[in-house]
Amino acid sequence: MTRPLPLIEVADLTVDFFVGTETVRAVERLTFGLAHGEALGIVGESGSGKSTVASALLGLHRGTGARVTGRVQVDGTDVQSASARELRRLRGGTAAMVFQDPLSSLDPFLAVGDQIAEVHRVHTPGATRRSARQRAVAVLDRVGIPEAARRSRSRPHEFSGGMRQRALIAMALACEPRVLVADEPTTALDVTVQAQILDLLHELRTESGLGLVLVSHDLGVIAGSVDRMLVMKDGREVEQGPVRRTLNSPSQPYTRRLLDAVPRIDAAVPGIEAPLAAPSSPPDGEALLEAVAVHKEFGRRTSRTKAVDGISLSVREGETLGVVGESGSGKTTLGRVLVQLLRPSSGQVRYRGRELNGISRDLQMVFQDPLSSLNPRRSIGESVADPLRAARTSTDREITARVRELLERVGLDPGWYHRYPHELSGGQRQRVGIARALAPSPKVVVCDEPVSALDVTTQAEVLDLLAGLQRDLGLSMVLIAHDLAVVRQASNRVAVMRDGLVVEEGPAEALYASPQNPYTKALLAAVPVLDPDEAAIQRSARGAARAEPPGAPTAVGTRPAAGRR
């Protein structure tokens, strides 16, 4: 018997980009393969070339001016020499991709269900509008979108960040491809929904022999989801092998450094002074920023949604308050209300004891999605300079010097002042967002998923950067995140949100050691682990819980909250 051909064959892949007069080598002589039904994880720091490799598998560099050499073959199709018609048949039908940034990948003017139905019709001969619509609803339901039929008529801006990512995954699955290339598919998801998506990918592999290439900076996600892993640095392979061997006995110091930088619930990350303000108990003193019985509703009379439902909390000088919860729990809405980007429907936000009635320079925000919050037509230096120019207190020369200083402080080359957002990786763009928030020297910074797009070593660097800023400036922070390990490392106090309510709040050390609310316990139990065997046990336990007969009690947190932002 002849052995079946690999699903993916990559040999000596090299990708060069041309930036002005310079040539940037993003990937150099990379070789790997993927068998039918196998899952390969690609990991590495931001800028290591992971996403470049993922795009090359579907020929997405063609027509961009990039120079791609080497051999890339997917399910028998030579991507490099394929015609436009062959590539179109390959993309979506044979291989599909889930991109890192859902907001820029979805059409803002079309309903989510219509976009998924369009993909199904293009790649499914004989599909009708009705059948395509039914298929769209089915895959949305499969990836955990509540009330899928109704929400399929919503536009992307009406979904939370996590729900947009789930919709993008549903679009990729619409035609049941043989290969799924997933570029950070769970970055925007909370731990419980992340577990659902990873379980779904595992089920698809088991049922249909789906081949999976999973690009992720989260080694916990990789540990429980792939058979082999490829570690990359500066466009080159560092090491490659079975996931158990690579995680338990890495052969290269770089891999060990990645493992050491992974934030954990029960241990501090070496090199990070965390929590940010150092003490485990909240600093003494009066509240600097307060929310008092804050409500925020969206929609009209007949279909109003309570995103924040009567929350009261405070942030003292020099402390970090962590806010965690599932996608749609109201975390982002609360953050936007605190900095007055949204006005509360009722209740008050107070700063230094006075009610806020508008935006203040002392309160700044780092947004979850750096690509959509940066103007693509302006250089990153100009974007960081905007708050300084608005103040009209500095000369152009002083502003330029300040911007270069901020870029360097967040780990970027000051010489990148004139680069544009599309020239940067996702993690680099997020650091630009942090620099812009710090530009006006605020007293409180609300960080909405500030490190969700960053690899583990860069996460550690950014958290350490925030710690330094907090020490130097007496900065207070509200850290909104779905990554409970990051919040544990960086917070003095933690508030757990669900359905617009704070269900538990307390000092970080006490809350993580002895959670009182069942929902908090469920969130902590869903955090990915670095041990592949333990991850398999977790997955089996979740499968057993889903298999319980109707009427049996279900685990808190296994169903995503609906309708929240």
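The basis for the numbers below is simple: all heavy atoms, side chains too, and nothing from hydrogens, waters or symmetry mates.
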K.L.:
At what distance, to the nearest 0.5 angstrom, does CG of Leu334 lie from CD1 of Ile480?
P.N.:
6.0 Å
K.L.:
Assess whether a salt bridge exists between Glu297 and Arg304, defined as any Lys/Arg side-chain N lying under 4.0 Å from an Asp/Glu carboxylate O.
P.N.:
yes
K.L.:
Kindly indicate whether the side chain of Gln428, heavy atoms from C-beta on, has any atom under 4.5 Å from the side chain of Trp416.
P.N.:
yes
K.L.:
Hey, is the main chain of Ser379 close enough, under 3.5 Å, to the side chain of Glu382 for a donor-acceptor pair?
P.N.:
yes
K.L.:
Can you tell me how far apart CG (Leu173) and CG (Leu168) are? Round to the nearest 0.5 Å.
P.N.:
10.0 Å
K.L.:
Any sub-3.5 Å donor-acceptor pair from Lys296's side-chain atoms to Arg343's backbone N or O?
P.N.:
yes
K.L.:
Indicate yes or no: does Glu158 engage Arg155 in a salt bridge with an N to O separation below 4.0 Å.
P.N.:
no
K.L.:
Taking all atoms of both residues into account, what is the closest heavy-atom pair of Lys443 and Leu288, and its distance?
P.N.:
O-CD2, 4.3 Å
K.L.:
Working to the nearest 0.5 Å, report the span between CG of Asn517 and CG of Leu511.
P.N.:
9.5 Å
K.L.:
Taking the side chain as every heavy atom from C-beta outward, state whether Thr333 and Phe298 have any atom pair closer than 4.5 Å.
P.N.:
yes
K.L.:
Determine whether Phe367 and Arg336 satisfy the following criterion, side-chain contact (heavy atoms from CB on, under 4.5 Å), listing intermediate values before the conclusion.
P.N.:
CA-CA 9 Å; Phe367 296 94; Arg336 289 173 182 254; 3.8 Å; yes
K.L.:
Tell me whether Lys521 forms a cation-pi arrangement with Tyr519, defined as NZ or CZ under 6.0 Å from the six-membered ring centre and within 45 degrees of its axis.
P.N.:
no
K.L.:
Roughly how far apart are Leu530 CG and Leu219 CG, rounded to 0.5 Å?
P.N.:
6.0 Å
K.L.:
Examine the side chains of His295 and Ser346 and answer whether a donor and an acceptor come within less than 3.5 Å of each other.
P.N.:
yes
K.L.:
Do the side chains of Val478 and Val315 get nearer than 4.5 Å, heavy atoms only?
P.N.:
yes
K.L.:
Quick one, Gln115 and Leu106 - any side-chain contact, counting heavy atoms below 4.5 Å?
P.N.:
yes
K.L.:
What verdict does the side-chain contact (heavy atoms from CB on, under 4.5 Å) test give for Val112 and Ile116, after you've listed the backbone C-alpha separation in whole Å, the side-chain angles of each residue and the deciding distance to 0.1 Å?
P.N.:
CA-CA 6 Å; Val112 169; Ile116 298 173; 4.1 Å; yes
K.L.:
Any idea which heavy atoms bring Ser476 and Gly318 closest together, and the distance?
P.N.:
OG-N, 2.9 Å
K.L.:
Are Leu388 and Arg402 close enough, and set up right, to give a side-chain contact (heavy atoms from CB on, under 4.5 Å), and what steps lead you there?
P.N.:
CA-CA 9 Å; Leu388 301 173; Arg402 171 65 172 159; 3.5 Å; yes
K.L.:
Of all the heavy-atom pairs spanning Ser216 and Val43, show the shortest one and how long it is.
P.N.:
O-CG1, 3.4 Å
K.L.:
Looking at every heavy atom in both Leu321 and Ser491, which two are closest together, and how far apart are they?
P.N.:
C-OG, 4.4 Å
K.L.:
Please determine whether side-chain contact (heavy atoms from CB on, under 4.5 Å) holds for the pair Val487 and Tyr512, giving the CA-CA distance in whole Å, both sets of side-chain angles, and the decisive distance to 0.1 Å.
P.N.:
CA-CA 10 Å; Val487 171; Tyr512 277 74; 3.7 Å; yes
K.L.:
Hey, does Val324 have a side-chain heavy atom less than 4.5 Å from the side chain of Val494?
P.N.:
yes
K.L.:
I'd like to know if the side chain of Gln340 and the backbone of Ser360 have a donor-acceptor N/O pair within less than 3.5 Å.
P.N.:
no
K.L.:
Looking only at non-hydrogen atoms, find the nearest pair between Val410 and Arg431 and report the distance.
P.N.:
O-CD, 2.8 Å
K.L.:
What closest approach, in Å, do Val339 and Leu363 show between heavy atoms, and which atom pair accounts for it?
P.N.:
CG1-CB, 4.2 Å
K.L.:
Are Glu317 and Arg352 within salt-bridge range, i.e. N to O under 4.0 Å?
P.N.:
yes
K.L.:
For the pair Gln470 and Thr320, evaluate side-chain hydrogen bond (donor to acceptor under 3.5 Å, both in side chains) and give the outcome as yes or no after the intermediate values.
P.N.:
CA-CA 9 Å; Gln470 196 164 37; Thr320 297; 3.1 Å; yes
K.L.:
Is there a donor-acceptor contact under 3.5 Å from the side chain of Gln516 to the main chain of Ser514?
P.N.:
yes
K.L.:
Under a 4.0 Å threshold between the charged nitrogen and the carboxylate oxygen, would Lys50 count as salt-bridged to Asp183?
P.N.:
no
K.L.:
Using a 4.5 Å cut-off on heavy atoms from C-beta on, say whether the side chain of Pro440 contacts that of Gln364.
P.N.:
yes
K.L.:
Does the side chain of Val262 come within less than 4.5 Å of Asp260's, by heavy atoms?
P.N.:
no
K.L.:
Are Glu45 and Lys233 ion-paired here, with the side-chain N under 4.0 Å from a carboxylate O?
P.N.:
no
K.L.:
Return yes if some donor-acceptor pair links the side-chain N/O of Arg493 with the main-chain N/O of Glu505 below 3.5 Å, else return no.
P.N.:
no
K.L.:
Test your reading of the model: is there a side-chain donor-acceptor pair from Arg436 to the backbone of Val432, 3.5 Å cut-off?
P.N.:
no
K.L.:
Is the backbone of Glu326 close enough, under 3.5 Å, to the side chain of Ser329 for a donor and an acceptor to pair up by distance?
P.N.:
yes
K.L.:
Mind checking the CG-NZ spacing from Asp309 to Lys306? Nearest 0.5 Å is all I need.
P.N.:
4.5 Å
K.L.:
What is the distance from atom CD of Gln194 to atom OG of Ser225, rounded to the nearest 0.5 Å?
P.N.:
8.0 Å
K.L.:
Taking the side chain as every heavy atom from C-beta outward, state whether His422 and Leu424 have any pair of such atoms under 4.5 Å apart.
P.N.:
no
K.L.:
When you measure from the side chain of Glu319 to the backbone N and O of Arg316, does any donor-acceptor pair fall under 3.5 Å?
P.N.:
yes
